[in-house]
Amino acid sequence: MANIKFYSGEEIPLEMHKVRIVQKLFLPTIDERKAHMNAAGNNTFLLQNKDVYLDMLTDSGVNAMSDNQQAAMLRADDSYAGSETFTRLEEKLREIFGMNYFLPTHQGRAAENILATAYVREGDVVPMNFHFTTTKAHITRMGGRVEELVIQEGLNPNSTHPFKGNFDIPRLRKLIEEVGAERIPFLRIETGTNLIGGQPLSLENMKEVCAVCKEFGIRTVMDASLLQDNLYFIKTREEACKNMTIREITAELAKNFDIIYFSARKLGFARGGGICIRKKEECLRMKEFVPLFEGFLTYGGMSVREMEAITVGLDETMDEDIISQGPLFIEYMCNELQKAGVPVITPAGGLGCHINAMEFLKHLPQQEYPAGSLAAACYITGGIRGMERGTLSEQRNEDGSERFSEMELLRLAMPRRVFTLSQVKYVVDRLVWLYENRHLVGGLKFVEEPKVLRFFFGRLEPVSDWQDKLVAKFKADFGDSL
Ligand SMILES: *Cc1c(COP(=O)(O)O)cnc(C)c1O
């Protein structure tokens, strides 16, 4: 897919697929939306999906499958051992990544559990460009520590750096000197860096990082969950890769790593996961945990149907026309919002569009959860469900005080191949309206606050009657329209 120039001069991303199965959606009225948001404790995780018009909570396990994926699911081989379905997946991964061994897991975090269990010991340090929630949890569970070495631009919401997920290599060298290579069980590169806005790394940077690791005998691990978007950004933003195919870029990248793991809830348009391994001894070190935690070695907790879908989905991931859809829709959305002055994270990344709530709701103090308030206001305004990625998603300090997050983001994920451009235009329109009425948006406070993972289950209420005022203004501007 590419941006197509219209006669009018406008450039828009043109879908290179047609829709052959549809799901009916409902858009509740603004009064109903406000009632639903309150019933859900002003927490978008607690909304019922039937009350959501556009579900932009996540890109995990909600990407649309292709006709070929659906067809492949029908020919799945159900046998417990020696399944042909497994062999097809194993061979596809070998073809794409060039690794010799594959261990299946039921999803991405299960691969992380096995990696951490096999390699991380008390006092170890695992360097990475940026952490992911489940990755960090497994490493710290084993007594290890995560060191984040992303370049400074990565944490600047307004930077225009094309590869904000890159490693700061001088800092990596310094860290290795300080802690010693023997305390580093592996280095992890997260492609399409999730928690800083789906930002990519360049092929050049990843090669350099792996070269440094080789120099010190440190094992290299790639988290390829968001590799799909990263590949597209390498192809379109990295001069040296302009004339390479996606397959060539993938091969050139993969050969630097000892281990590549992934969540197939993102990579491969399906559900599941696994670990690809270069050396036999490394495979043996992890293999025993698969039957223990996941399932037999030929399914690892996945259904055979899902495995067939992953095999075809991985092949589709090598097609630039297919993988460009997400990034181009996200770029379109970010550009349109920026034109209207709405503060978004730049440059547009993969995964979704990230609204800078700290900037959007400048008048709100961080203790009133600006990103959480914006998520609630966004649902009330348009029936659009996003995810808070800010202070609400943090855990309180030991002494009970708030740990303020570095950024306050509202993430509006773009599940791949799911939405149409008019739906994206609708989201832009309602966000622009909300931005123009941002002074009406107030804060939230907890009424039920769980100690752990409060962002999943916590319930909140508005600190004032700001939601009534927002609804009244909406009605004044839109009349009877939904
Ligand atoms: C989603 C994700 C994971 C975890 O995968 P699950 O399948 O959700 O367990 C790990 N790493 C990254 C970068 C992810 O985006």
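For ligands, and for the atoms within them, numbers begin at 1 and follow the listed sequence.
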> Hey, is D223 one of the residues with a heavy atom under 4.0 angstrom from ligand 1?
Replying inline: yes
> Has E112 got any heavy atom lying under 4.0 angstrom from an atom of ligand 1?
Replying inline: yes
Ligand 1 atoms in contact with [X] (distance to a heavy atom under 4.0 Å):
{"X": "G108", "answer": "5 (O), 6 (P), 7 (O), 9 (O)"}
{"X": "S225", "answer": "10 (C), 11 (N), 12 (C), 13 (C), 14 (C)"}
{"X": "R265", "answer": "7 (O)"}
{"X": "R109", "answer": "4 (C), 5 (O), 6 (P), 8 (O), 9 (O)"}

> After noting the C-alpha distance and the side-chain angles of F257 and F97, does the key distance pass the ring-ring contact (aromatic ring centres under 6.0 Å, His included) rule?
Replying inline: CA-CA 10 Å; F257 289 87; F97 291 136; 9.6 Å; no
> How far is atom 3 (C) of ligand 1 from its nearest protein heavy atom, and which residue and atom is that?
Replying inline: F132 CE2, 3.4 Å
> Nearest protein heavy-atom contact for atom 14 (C) of ligand 1: which residue, which atom, what distance?
Replying inline: K266 NZ, 3.0 Å
Do the side chains of [Y] and [X] get nearer than 4.5 Å, heavy atoms only?
{"X": "N113", "Y": "T134", "result": "no"}
{"X": "I246", "Y": "K235", "result": "yes"}
{"X": "E288", "Y": "T117", "result": "no"}

Under 3.5 Å between some N or O of ligand 1 and some N or O of [X]?
{"X": "S263", "answer": "yes"}
{"X": "G272", "answer": "no"}
{"X": "Q107", "answer": "yes"}
{"X": "N194", "answer": "yes"}

> Is it true that R88 and E84 make a salt bridge, defined as a side-chain N closer than 4.0 Å to a carboxylate O?
Replying inline: yes
>> Could you tell me if R416 sits above the aromatic ring of F269, with its cationic atom closer than 6.0 Å to the ring centre and no more than 45 degrees from the axis?
In response: no
> How about F457 and F45: are their ring centres within less than 6.0 Å of each other?
Replying inline: no
>> Hydrogens and angles aside, do E282 and Y119 bring a side-chain donor and acceptor to less than 3.5 Å of each other?
In response: yes
